[in-house]
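Some notes on the structure that comes next.
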There are 2 protein chains.
Amino acid sequence: MGKVTIIDVARLSGVSKGTVDRVLHNREGVSAKSREKILKVIGELGYEPNVYASLLASRKSRSIAVLLPDSSPGEFWSLYASGIEKAGAAAEPLNISLERVGYNQYELDSFRNACSKVLEMAPAGVVIAPLFKAETSLFTAKLREKGIPYVFIDTKIEDDGYLVYYGMPMYKSGYLCADILSVVRPCEEILVVRIERDKFRQSDPTASRRAGFLDYIEERLPECVVHNVFIDPKDPKGIESRLREFFAEHPAVRHIATFNSRIHLITGFLEKNGMQGLRVVGFDNLPANLDALRKDTVNVLITQHPDEQAASAIRDLVDHVVFKKTPPRRDNFMHMDILTRYNVEYY
Amino acid sequence: MGKVTIIDVARLSGVSKGTVDRVLHNREGVSAKSREKILKVIGELGYEPNVYASLLASRKSRSIAVLLPDSSPGEFWSLYASGIEKAGAAAEPLNISLERVGYNQYELDSFRNACSKVLEMAPAGVVIAPLFKAETSLFTAKLREKGIPYVFIDTKIEDDGYLVYYGMPMYKSGYLCADILSVVRPCEEILVVRIERDKFRQSDPTASRRAGFLDYIEERLPECVVHNVFIDPKDPKGIESRLREFFAEHPAVRHIATFNSRIHLITGFLEKNGMQGLRVVGFDNLPANLDALRKDTVNVLITQHPDEQAASAIRDLVDHVVFKKTPPRRDNFMHMDILTRYNVEYY
DNA sequence: CAAATTTCCGTGCACGGTAACGGAAAAATA
DNA sequence: TATTTTTCCGTTACCGTGCACGGAAATTTG
């Protein structure tokens, strides 16, 4: 019960509410003696401020910057949108507005730009998907300097100051992927389609997912052969021909996996060539992937909950900014969902 | 922006804020003309009340009754607890307290008792898990009479007045279960362990789950034989002997499923007899089931999110009571999760 | 010691809404 | 028409907190 008010504290301390208010906000103009007395009374009474009254009285509005890659609808980063929106709606009555600051995930300069834009707007908090590690470190250093709290989603970096992190356990998700893929026996050959812009600069999350996958194979299916086919997401024709080529050489392969969200890029090929009886496992609930799941071209999708990640992270940040609460756990690995065409409808 | 205040509305309507307040709360003492005028202005200005100011001014506190079966830790109904607690914490600053009213799920009288207890306390809303259909109908009729909103979780009944429902699509979950069970070939015989207090009074949810399961088998594995073994949850010894008996007769059976949350009751037998290479699928994330999953005695658990169901339902109810919001969807079938030992940790 | 500063703190209005109180206007009654 | 009753509505005192204003007390300065 938050029954104790400032007035109660004031009365018991023998001062006026103005003075108590000064103490509560660490403003100056209070003698050491009074401050001490007031703090003592606050402790004894277990005074907790009424946030809503406070919000009502102080009409200043704050903002939280959300620093995410730009993304067209249907692409991975768009999956975060609904969570952001939801959290934004919840934060609005608290006088907090979310400001999205986008950047091009393939261009460092664009990220730098976004960072300085955020610093300029002096937000009350920042949400970051730290795709660029080094640059993010520099950025968070500045945030710490200014006392601006920040949270990570999707990926996190070595950093000591983040308030909370929400993401998926990438290595484990690769392991899980291998398990799901191989449960349909016999599994002697696997095709791993690597859909990457630049095979020498694959993202960290994808790399650790792949590591989990390979470790599973090594541990439990040491005889299994893993074939890699590299594909450029921007070249549909190339995809076709590369896959055709591969299956001409390896007609026995019946297991396919990918490690990022783009499995939908190969389903066209599979359908066109009427390839049946394959075991196909991919990641992330992009609309195109879900479609493939419904058509059974993809058998299983392993998904995280980007929207929940965003919503949780933002909620924690808001709670911290407004209510001064610290989240119970700092690192939150969200559950991985296994989607098949039988449970996809309820997703 | 909720920038429009009562005063704005009052000014534009040519009345005082007191009158506007009367209209907002459907209190009497307003002429038809004024009421109309005010409502028009409210519509035009898109006035939305500031709930926090409202809560501050009206210091009345309300309660929401949560009508769930009693349950010991580790049992199914306990899974809802964390969600209820969370929602309760969120509701507290809004001057709403949750009051749990338990009942014995096997005794109608106990449920009746609980219902009248709820009616007595005249809550602002009610959360119900309607295990007793007919009795619940009578109860909700009374609630409707008194204008008390109510929501269903877990199961719903035919009823026209509920605000919202959160649950699992039971039939589909049975279908999914069959798919997951049978994906490991060959699957020619399946043991279905039916853990029920009274086989002639099995619960509706379990029944429709079973229906989904059997339909899948009929459609896609018509040659597959389904064996039923009935078990009494209160008789551990009986469980042992029944299963031993069964496997003596049917040593070839390697697929096992159950349809309620009690698969953990048979894992003891499986472990003790060193039964390997089985495919075992069950439901619900009871601690004991999760343990079995970790030990790989159970391979897959299909779970709902009881905590999320409770939290969502209560949140919607609170939103309705406090903010007068109506939930976007009335029937919410939550996603079914597929848990294996590789993703159980992050659950 | 008086005057000028500085330090400390009380007062009062504002935030947006609630609801009781009582008075003016309208309607009913005599 | 005068009086009573009813209907309608404006006024006002809060709710708990933030913050600006200004004054008293304490301290420094001349």
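Reminder, nothing fancy here: chain letters follow the sequence lines and each chain counts from 1.
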message = Rounding to an integer number of Å, can you tell me how far R11(B) CZ sits from dG10(D) P?
response = 14 Å

query = With a 3.5 Å cut-off and no angle check, do the side chains of D316(B) and Y165(B) form a donor-acceptor pair?
reply = no

query = Once you round it to whole Å, what is the distance between P of dA19(C) and CG of L55(B)?
reply = 11 Å

Result block: side-chain N/O donor-acceptor pairs under 3.5 angstrom for residues 116-135 of chain A, not counting sequence neighbours:
residue, atom, partner, partner atom, Å
S116(A), OG, R112(A), O, 3.4
S116(A), OG, N113(A), O, 2.9
K133(A), NZ, D204(A), OD2, 3.2
E135(A), OE1, R112(A), NE, 3.4
E135(A), OE2, R112(A), NE, 3.0

Atom-to-atom span, NE2 of H25(B) to P of dC9(D) - whole angstrom = 17 Å

message = What is the separation between atom OH on Y52(A) and atom P on dT17(D), rounded to the nearest whole Å?
response = 13 Å

note = Between L56(B) and R27(B), the residue closer to the 5' end of DNA chain C by nearest nucleotide is L56(B)

request  = Assign the ring pair F152(A) / Y162(A) to parallel, tilted or perpendicular, where the plane angle (0 to 90°) is split at 30° and 60°.
outcome  = tilted

ask   = Going by an N to O cut-off under 4.0 Å, is there a salt bridge joining K40(A) and E44(A)?
value = yes

query = Rounded to the Å, how far apart are I6(A) CD1 and dG12(C) P?
reply = 17 Å

ask   = Would you call the rings of Y80(A) and F76(A) parallel, tilted or perpendicular if under 30° counts as parallel and over 60° as perpendicular?
value = perpendicular

key: Terminal axes of the helix from dC1(C)-dG30(D) to dA30(C)-dT1(D) (five pairs each): angle between them, nearest 10 degrees   = 50°

query = Is the distance from OP1 or OP2 of dG17(C) to the nearest side-chain N or O of Y47(B) less than 4.0 Å?
reply = yes

ask   = Taking CG from D21(A) and C1' from dT11(C), how many angstroms apart are they, rounded to a whole number?
value = 13 Å

key: Between dT17(D) (P) and K3(A) (NZ): distance, integer Å   = 12 Å

ask   = Hey, does the side chain of S58(A) come within less than 4.0 Å of dT17(D)'s phosphate (OP1/OP2), counting only N and O?
value = no

note = Out of dC19(D), dG16(C), dT17(D), minimum distance to the side chain of A53(B) belongs to dG16(C)

With 3.5 Å as the limit, what N/O pairs link the protein to nucleotides 6-10 of chain C?
residue, atom, partner, partner atom, Å
dC9(C), OP1, S31(A), OG, 3.1
dC9(C), OP1, S34(A), OG, 2.4
dC9(C), OP2, S31(A), N, 2.9
dG10(C), OP2, S16(A), N, 2.5
dG10(C), OP2, S16(A), OG, 2.5
dG10(C), OP2, T19(A), OG1, 2.8
dG10(C), N7, R22(A), NH2, 3.0
dG10(C), O6, R22(A), NH1, 3.4
dG10(C), O6, R22(A), NH2, 3.3

request  = Would you please name every residue forming a side chain to side chain donor-acceptor pair (under 3.5 Å) with E99(B), sequence neighbours left out?
outcome  = S97(B)

query = Which residue pairs pass the ring pair (Phe, Tyr, Trp, His ring centres under 6.0 Å) test when at least one of the two sits in residues 28-59 of chain B, sequence neighbours left out?
reply = Y52(A)-Y52(B)

key: Nucleotide dT17(D), atom C1' - distance to CG of N95(A) in whole Å   = 14 Å

message = Test side-chain contact (heavy atoms from CB on, under 4.5 Å) on D159(B) and T136(B); report intermediate values, then the result.
response = CA-CA 9 Å; D159(B) 181 299; T136(B) 303; 5.9 Å; no

inquiry  = Checking contacts here: which listed nucleotide (dG16(D), dG18(D), dG17(C)) is nearest the side-chain heavy atoms of T5(B)?
reply    = dG17(C)

remark   = Contacts of E75(A) meeting side chain to side chain donor-acceptor pair (under 3.5 Å) (sequence neighbours excluded), chain-then-number -> none

